[in-house]
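For reference, the structure discussed in these notes is given below.
Starting from 1, each residue takes its place in the sequence as its number. What you see below is based on every heavy atom in this structure, not just the backbone, and it leaves out hydrogens, waters and symmetry mates.
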Amino acid sequence: MALVPVAEALERLLEGAAALPGESIALADAAGRVLAEPVVALRTQPPFNASAMDGYAARAQDVASAPSRLSVIGMAPAGRGFDGSVGRAEAVRIFTGAPLPEGADTIVIQENVRDLGNGHIEVTEPTAKDRNIRRRGLDFSQGDLLLQKGRVLDPAALSLAASANHPMLNVVRRPLVAIIATGDELLPPGRDPGPDQIISSNAYGVAAAAQSVGANALDLGIAADRMADIAALVRKAVAAKADVIVTLGGASVGDHDLVHDVLTSEGMKLDFWKLAMRPGKPLMFGRLGDIRCIGLPGNPVASLVCSQLFLKPLLAQLGGRTYRQDIRPAQLGAAMPANDLRQDYVRAVVSEETGARVATPFGIQDSSMLRMLADANGLIVREPFAPAAAAGAACSVLMLR
């Protein structure tokens, strides 16, 4: 099977990946979720003409000049309006959010009032009509479209939905990705590995990548290098109604790389296997009914780079989100050799120097070296057959943070 270019692989992987169906959840649980349908106002806000300041509700004609003397005939705190009407040379003590009393058409702020005692005040500054009043429907009216389908529910959007009297919202269901690590050599963190074993790390990074775009991650553990063990975990993923199954390792061409055989025996239709990229050449993609199956490389760096390039865009699209890689122009901080037929993603430190963005690659790029990836904040993207480049040459950088 020929090596598939990165752009083509991503296009094939995303084909038909529509947003998942919606589900109704409580407003309190909706932070960060994606709207599956628009939000329309169920009420008008404010529902009445309201005071925008603490002060006195009066008639504008009585306070058009200063000083002016008014009689205070009542009080209107927030949540309890004044029942009467404001007449000539009268005022009502009012607080922010309280309904504007009948007859009043302006609010004199309390800083511009002097208390004369015995229920009288003196207005020390002229106040025009409609000052410090929030008119009914200033924010929105019942039936207004407030939030579009696809909006991520950030704090402002959540507060708006609440203000519009929505206790529940219809949001896109979170994609569920089931993660299966494979390999006799793997042990979970906290165990004492034998002389031929290592600690399994990839699942934690892949789960974090999934969660960063709003998906749920189900870690099914480590399968030994036996078809029956791998198949058992694949069936658990299917039973859990996973939208995506991610396998870690075991998808290459070695005698113990059994994932492809297991998945095809379970009904997966292979789409592609082996990409023209580094790291991450042995990436596999296929479909098991409605489930998308991604076989990530076992090398930790390759696994996480492929998660960035393929898994995150897929899960974002299934979750109704728009996802774009953060690719920026930069200058090379060190010379780089000519590239071969594969697209290269080179770990680098990206810094701002005298107004220029500089990407300096690490000298060693072995795909097992996680510490270097943790230290990197970008990946220099080298196109296939790119010529050798000197320090200072233009390059593109995929930002990681």
Side-chain angles (χ1 to χ4, degrees), residues 25-31 35 37-148 151-170:
I25 66 171
L27 184 70
D29 298 325
L35 284 173
E37 61 182 29
V39 171
V40 174
L42 301 179
R43 61 185 294 274
T44 295
Q45 176 65 14
F48 42 74
N49 296 332
S51 177
M53 302 286 285
D54 291 348
Y56 293 84
R59 303 189 316 163
Q61 64 193 72
D62 293 333
V63 293
S65 61
S68 56
R69 182 185 175 100
L70 303 175
S71 298
V72 180
I73 61 172
M75 183 177 293
R80 190 171 72 251
F82 177 71
D83 290 336
S85 178
V86 176
R88 182 176 178 274
E90 293 179 338
V92 168
R93 180 75 168 110
I94 196 167
F95 296 87
T96 303
L100 183 70
E102 183 180 345
D105 58 8
T106 194
I107 303 294
V108 181
I109 62 174
Q110 61 187 20
E111 292 88 340
N112 293 341
V113 170
R114 186 163 65 93
D115 187 356
L116 300 177
N118 297 319
H120 291 86
I121 59 172
E122 182 180 78
V123 176
T124 59
E125 295 289 339
T127 305
K129 184 179 180 180
D130 292 327
R131 291 298 302 272
N132 306 310
I133 294 173
R134 296 177 180 138
R135 289 294 175 185
R136 181 178 186 273
L138 174 67
D139 198 355
F140 54 80
S141 297
Q142 184 173 348
D144 284 354
L145 174 63
L146 300 182
L147 298 168
Q148 295 280 4
R151 171 68 182 264
V152 177
L153 289 163
D154 56 22
L158 279 172
S159 294
L160 178 58
S163 181
N165 207 25
H166 284 272
M168 307 286 291
L169 292 174
N170 193 7

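- The heavy-atom pair separating Thr106 from Ala128 by the smallest distance is OG1-O, 2.6 Å.
- Scanning both residues, Phe48 and Ala98, for their nearest heavy atoms gives CE1-C, 4.2 Å.
- Once rounded to the nearest 0.5 Å, the distance linking CD of Glu125 with CD of Glu111 reads 11.0 Å.
- Between the CD atom in Gln45 and the CG atom in Leu160 there is a gap of 9.5 Å [rounded to 0.5 Å].
- Formation of a donor-acceptor pair under 3.5 Å by the Asp54 side chain with backbone atoms of Thr96 is found in this model.
- For the pair Leu70 and Val63, the minimum side-chain heavy-atom distance is below 4.5 Å.
- To the nearest 0.5 angstrom, Met168 atom CE is 9.5 Å from Leu27 atom CG.
- Checked by atom type and distance alone, the side chain of Ser71 never pairs as donor or acceptor with a backbone atom of Glu90 at under 3.5 Å.
- Looking at Ser141, its side chain never comes within 3.5 Å of a backbone N or O of Thr44 through a donor-acceptor pair.
- Counting only distance, with no hydrogens or angles, the side chain of Arg43 and the backbone of Ser163 share a donor-acceptor pair below 3.5 Å.
- Heavy atoms only, all atoms of each residue included: Leu147 and Leu145 are closest at O-CD1, 3.7 Å.
- Checked by atom type, the side-chain pair Thr124/Asn112 shows no donor-acceptor distance below 3.5 Å.
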- Item | Test log, rule side chain to side chain contact (heavy atoms under 4.5 Å, CB included), inputs Gln148 and Leu35 | CA-CA 7 Å; Gln148 295 280 4; Leu35 284 173; over 6 Å; no
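- Between the side chain of Arg114 and the main chain of Ile121, no donor-acceptor pair closer than 3.5 Å is present.
- When all heavy atoms of Phe82 and Gly74 are compared, the pair lying nearest together is CE1-CA, 3.7 Å.
- Minimum interatomic distance between Asp139 and Pro46 (heavy atoms only, all atoms of both residues): N-CD, 4.0 Å.
- Contact between Asn165 and Pro167 at its shortest, heavy atoms only, is O-CD, 3.3 Å.
- The backbone N or O of Leu158 lies less than 3.5 Å from no partner atom in the side chain of His166, so there is not a single donor-acceptor pair.
- Each of Ile109, Ile107, Val72 was compared with Tyr56 under the side chain to side chain contact (heavy atoms under 4.5 Å, CB included) criterion, and only Val72 meets it.
- For the pair Arg69 (side chain) and Glu122 (backbone), a donor-acceptor distance under 3.5 Å is absent.
- Side-chain atoms of Arg88 and Gln61 form no donor-acceptor pair, as typed in the model, at a separation below 3.5 Å.
- Residues Ser68 and Asp62 form no side-chain contact, since every pair of their non-hydrogen atoms from C-beta on lies 4.5 Å or further apart.
- Side chain of Asp105 to main chain of Ala60: a donor-acceptor pair is present (N/O by atom type, distance under 3.5 Å, no hydrogens or angles).
- Using a 4.5 Å heavy-atom threshold, the side chains of Phe95 and Met75 count as touching.
- Using a 4.0 Å cut-off between charged nitrogen and carboxylate oxygen, Arg135 and Asp130 count as a salt-bridge pair.
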